[in-house]
Amino acid sequence: MAADFQYAPGHMIIAPSLLAGNFTRLGNETSRVGRSGAEWLHLDIMDGHFVPNISFGPAVVKAIRPLSKLTFDIHLMCARPEILLAPFAKAGANRMTVHVELGGQVTDLIWKIRALGTQVGLGINPSTPMKIAEPFLDQIDSLLVMTVNPGFGGQAFITETLPKIQQAAAWRRHRRLNFRIAVDGGIELHTAVECAKAGADTFISGTGIFEHKNLKAAVTRMRAAVNAAARAHPPNSGSKS
Ligand code: DX5
Ligand code: ZN
């Protein structure tokens, strides 16, 4: 929605995913990300139905919320996100992403997230055609292009998703929309650069950041790499603004 404009051309966001952090000390990990120079903390919510795995819920998000000023980016990989929206908003979510694979519920979910005062994200799995997401692009703040099949951290990046990023960037340009293009799954230095060349501006990275002892150095390196890639591959004719 126009009122929620936030896409600043050239502004890259790095969002470490807590799923790759050490679960015996989530508070520490949250604070470390806070000091890393990243803008968002990505929080993967898995319900054992939409994806074959379970992670954590609103209680954990509420517990770590006071430890960080970063944008809490809640990625709902859940079959019934409607029951979780209010609890996560209350726990301190700044942005909530639901999946376009939920079909007929998507419009309603977008409105519910908006009504709770949080930013709206829409996720799309690798095998879901982009045309399914197209009708929602003027209603969202970010499109989360999954670059692995959701459910687990540490998977290999799926190269075939790159054209979807290009398609999203082209639609955004042509329709003068403002949503961010986020990528999620198997994002490390090299794949982040490929995604930046394709038009991504928001980089969610679990293993690719947490595998490094020095999170700040890892975030700084990734930011420099995607900025350089975007400068070398500016969007053709017409800017993203
Ligand atoms: C996958 C999650 C991702 C995951 C990324 O289902 O949505 O956010 O944490 O982890 P890496 O970067 O390790 O692939
Ligand atoms: Zn995620």
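For ligands, and for the atoms within them, numbers begin at 1 and follow the listed sequence.
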(message) Give me the residue, atom name and distance of the protein heavy atom closest to atom 14 (O) of ligand 1.
(response) G186 N, 2.8 Å
(message) Please list the nearest protein heavy atom to atom 9 (O) of ligand 1 with its residue and the distance rounded to 0.1 Å.
(response) D44 OD2, 2.6 Å
(request) Using non-hydrogen atoms of the residue, decide whether G154 is closer than 4.0 angstrom to ligand 1. (result) yes
(request) Looking only at protein heavy atoms, identify the closest one to atom 1 (C) of ligand 1 and say how far it is in Å. (result) F152 O, 3.6 Å
(message) If you measure every N or O of S17 against every N or O of ligand 1, does any of those distances drop under 3.5 Å?
(response) yes
(message) Would you say that I158 contacts T147 through its side chain, given a criterion of any heavy-atom pair below 4.5 Å between the two side chains?
(response) no
(request) Run the numbers for me: atoms of ligand 1, each under 4.0 Å from some heavy atom of S205, listed by number. (result) 12 (O)
(message) What protein heavy atom lies closest to atom 3 (C) of ligand 1? Include the residue and the distance to one decimal.
(response) D184 OD1, 2.9 Å
(request) Would you mind checking which non-hydrogen protein atom is closest to atom 12 (O) of ligand 1, with the distance to 0.1 Å? (result) G206 N, 2.8 Å
(request) Check each atom of ligand 1 against the heavy atoms of P150 and keep those under 4.0 Å away; list them by number with element. (result) 6 (O)
(message) Give the atom numbers and elements of ligand 1 that come within less than 4.0 Å of a heavy atom of G185.
(response) 14 (O)
(request) Among all protein heavy atoms, pick the one closest to atom 10 (O) of ligand 1 and tell me residue, atom and distance. (result) G153 CA, 3.6 Å
(message) Looking only at protein heavy atoms, which one is nearest to atom 6 (O) of ligand 1, and what is the separation?
(response) G151 N, 2.7 Å
